[in-house]
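Here's the structure, in structure tokens; my notes come after.
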Amino acid sequence: MEKQPRFLSSRLLLKNRVCEVTLNRAWLGWKDVPAGRRSINNALKAGDYCVPVSEIIAVREIDMDSQTKDDGRWQKMPQESAGAHPYAFTVSYVDRGSKHRWRCCEVTFNCPDGVLCQQWVQTIKEQLLLLTSRPKSLLVYINPFGGKQQGKRIYEQKVAPLFSHAAISTDVIVTEHANHARDHLRTVADLKKYDGVVCVGGDGMFSEVIHGLISRTQTEVGVDESCPEEELVPCNLRIGIIPAGSTDCICYATVGINDPVTSALHIIVGDSQAMDVCSVHHNGTFLRYSVSLLGYGFYGDVLMDSERKRWLGPARYDFSGFKTFVTHNYYEGTVSFLPAFNTLGTPRDKIKCRAGCYVCQHNEQQLSEGRHPCRGEKDVSDREEEGKWQVIRGKFLAINAASMSCACPRSPKGLSPAAHLADGTTDLILVHKCSRLDFLRHLLRHTSKDDQFDLAFVEVHRVRRFHFTPKHCESNLELDLKENGKKLFSHICRDHPACGCATVNSTWNCDGEILQHAAIEVRVHCQLVKLFARGIEELPVFEDLCNPSAI
């Protein structure tokens, strides 16, 4: 690897130790100078510390007089620091902890003269100004009611000080009612003033923001989002998520942890992670957007039942999940889907979506080339439309579409461990009617190392589009019979599933929101939004961070 040119290299004092401190375009590094040696190797060796310039948060010059005090009490400073190194500057940077957690750390270097100290501060600041991906102004929405109702406190105590330290200006709006953020983004917000939008809350708050931002973008470019065939235009502004909700599924998928400080630091350093978005329509009418889970049957029933028990708090999901499992309803219908051809990856290949995912990059490139074909050639969507749709009719316990792994603490692998964030596809999981014991086996595999799709009654397909039509919607006659002739018995069967009769209809769970229509058509829009994130990082990558060849 070609060595980077060095900007600065000085011997400075760090905690009463003499260090060789080096700055180049890519790294800031420091190492102890061995006692009794006049010179050291220029390269940093294993065990010495280095920080990517892209992950330096801020730098500031230190007033040494203020450093001699601590909570009003005078402190004795090392003689060498107070005499030979009377000037100092502090660098704030990202430090990685376990389980993808980030924190803000500081290191203070003492300098022998003021000119050298100012030179270091000014050079680091100039390097930070070259990082154009970093936001300078943000629009922040805080949901004070979501999760444990700690959103405002989390932002003020943990996030706002970091934004201020990184010289990021913010306009903060505390939402007052449902869809406040969505409606404000659609119509009122002056988005040209900002480099990004930040939501403080759970997955519901994030859903509000993407609905407002996508709708605003389509309106400005004249795209009709009510038309299922329209190609939606990607949003320019990135979205940041400060987790303060009940599940925080999106944070787990894009950052790897639901920690507010970690998410704030990803925003500060200007990370970018593209994300697919599914549009959901019913009879040509737009319903909602989805970024994580569309679930019919089991997960739809769990959500519907839990909404009636909100007074139980988070425990309502456990109660409703157990009740739904015991009820064991199945639903008849037809699933039509358009498989994703000419793409890398399959739902069962065990290739997980991680930072810098090659599968996402390759598939997005294939789609981009297909949208702009050579003259006389058909684009990707036209080629796939020609006789490629597949149809499955049957009785289903669950129909799930996972646009990401949907991993969370309760399900570390998620519904589809190999689903990708930005490859232009969703994983369609069909769980056919089976016994309770078999269905339990399938559910338990979400928490084990076993392949949850390796069951006779489960099938999974990677698709770009799909339609679902419940049986009772396939003909008006059948609908009339079910509504009029079996209205009473459907209620009895719901309470007494042992009779073997299935209920007429379930509901769709769309990222934790209930859809009012069962018959839907879904289309995946590749990389429609971008987040202040970089995907889940693989730990082995960081073993090479202090490789001497990198400095």
Side-chain angles (χ1 to χ4, degrees), residues 202-204 206-207 209-211 213-214 225 228 231-232 234-235 239 241 247-256 273-281 286-296 299-300 303 335 337-340 343-349 351-354 357 359-364 367 398-408 411 413-431 446 452-453 460-468 508-513 515 520-531 533 535-536:
D203 294 335
F206 174 71
S207 180
V209 169
I210 66 165
H211 277 79
L213 198 56
I214 294 174
E225 59 183 339
E231 188 77 34
L232 300 184
C235 303
I239 304 171
I241 311 173
T247 55
D248 303 312
C249 174
I250 311 300
C251 280
Y252 277 105
T254 57
V255 177
Q273 170 64 54
M275 179 180 289
D276 297 335
V277 178
C278 293
S279 60
V280 186
H281 291 76
F286 171 74
L287 298 180
R288 286 187 69 86
Y289 293 113
S290 171
V291 295
S292 57
L293 170 68
L294 273 166
Y296 183 85
Y299 290 102
L303 179 63
V335 179
F337 58 90
L338 182 63
T343 58
L344 288 180
T346 68
R348 300 182 64 180
D349 59 14
I351 299 176
K352 296 183 179 180
C353 189
R354 292 294 182 259
C357 178
V359 172
C360 293
Q361 294 175 4
H362 176 272
N363 291 349
E364 192 279 334
L367 279 176
I399 300 173
N400 302 318
S403 298
M404 58 178 64
S405 68
C406 298
C408 65
S411 178
K413 294 198 308 180
L415 290 180
S416 186
H420 289 267
L421 292 170
D423 67 342
T425 70
T426 188
D427 288 351
L428 182 63
I429 307 166
L430 307 178
V431 183
H446 291 89
Q452 59 228 55
F453 305 132
V460 59
H461 306 272
R462 185 153 287 176
V463 306
R464 296 202 191 279
R465 304 178 69 172
F466 75 90
H467 300 166
F468 173 70
W508 281 96
N509 177 343
C510 179
D511 294 354
E513 298 291 333
L515 296 184
I520 62 171
E521 44 189 312
V522 179
R523 177 178 180 178
V524 184
H525 299 270
C526 186
Q527 302 189 10
L528 191 61
V529 298
K530 290 184 178 179
L531 273 59
I536 299 175

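- Taking the side chain to side chain contact (heavy atoms under 4.5 Å, CB included) definition, one finds that H467 meets it with S336, W389, E521, sequence neighbours left out.
- The shortest distance between side-chain heavy atoms of F206 and L531 falls below 4.5 Å.
- Expressed to the nearest 0.5 Å, how far NE2 of H362 lies from NE2 of H420 amounts to 12.5 Å.
- Taking the side chain as every heavy atom from C-beta outward, V291 and V277 approach each other to under 4.5 Å.
- In this structure, I250 and M275 have side chains that are in contact, with non-hydrogen atoms separated by less than 4.5 Å.
- Take Q273 and apply the side-chain hydrogen bond (donor to acceptor under 3.5 Å, both in side chains) test, not counting sequence neighbours, and it matches no residue.
- Atoms CG and CD1, from D511 and I210 in turn, are 6.5 Å apart once rounded to the nearest 0.5 Å.
- Nearest approach of F286 to E225, heavy atoms of both residues: CB-O, 3.7 Å.
- Contacts of D427 classified as salt bridge (Lys or Arg N to Asp or Glu O under 4.0 Å), with partners at least two apart in sequence or in another chain: R462.
- Using a 4.5 Å heavy-atom cutoff, the side chains of V522 and T426 are not in contact.
- Remark: K530 engages no residue in a side-chain hydrogen bond (donor to acceptor under 3.5 Å, both in side chains) (not counting sequence neighbours).
- For R354, the salt bridge (Lys or Arg N to Asp or Glu O under 4.0 Å) partners at least two apart in sequence or on another chain are E538.
- Note: S207 OG to R288 CZ = 4.0 Å, rounded to the nearest 0.5 Å.
- With rounding to the nearest 0.5 angstrom, the CG atom of L415 is 11.0 Å from the NZ atom of K413.
- Scored by the side chain to side chain contact (heavy atoms under 4.5 Å, CB included) test, D276 finds A422, D423, V524, C526, Q527 as partners (sequence neighbours excluded).
- Contacts of F453 classified as ring-ring contact (aromatic ring centres under 6.0 Å, His included), with partners at least two apart in sequence or in another chain: none.
- Nearest heavy-atom pair, I241 versus C251, reported as atom, atom and distance to 0.1 Å: CG2-SG, 3.7 Å.
- Among C278, P234, S279, the single residue meeting the side chain to side chain contact (heavy atoms under 4.5 Å, CB included) criterion with H525 is S279.
- For the pair H461 and F466, the minimum side-chain heavy-atom distance is 4.5 Å or more.
- Counting heavy atoms from C-beta outward, S292 and D203 have side chains that stay 4.5 Å or more apart.
- In plain terms, the two heavy atoms of N400 and G295 that are nearest each other are OD1-CA, 3.5 Å.
- Looking at R464 and T343, their side chains come closer than 4.5 Å, going by heavy atoms from C-beta outward.
- Between C406 atom SG and I429 atom CD1 the span is 8.0 Å, to the nearest 0.5 Å.
- In this structure Y252 satisfies the side-chain hydrogen bond (donor to acceptor under 3.5 Å, both in side chains) test together with N258, sequence neighbours excluded.
- In this structure, CG in L294 is found 7.0 Å from OG in S403, a value given to the nearest 0.5 Å.
- Residues forming a ring-ring contact (aromatic ring centres under 6.0 Å, His included) with F468 (at least two apart in sequence, or on another chain): Y296, W508.
- Take S405 and apply the side-chain hydrogen bond (donor to acceptor under 3.5 Å, both in side chains) test, not counting sequence neighbours, and it matches no residue.
- When atom types are taken as modelled, the side chain of H446 and the backbone of Q452 share no donor-acceptor pair closer than 3.5 angstrom.
- V359 places none of its side-chain heavy atoms less than 4.5 Å from the side chain of C353.
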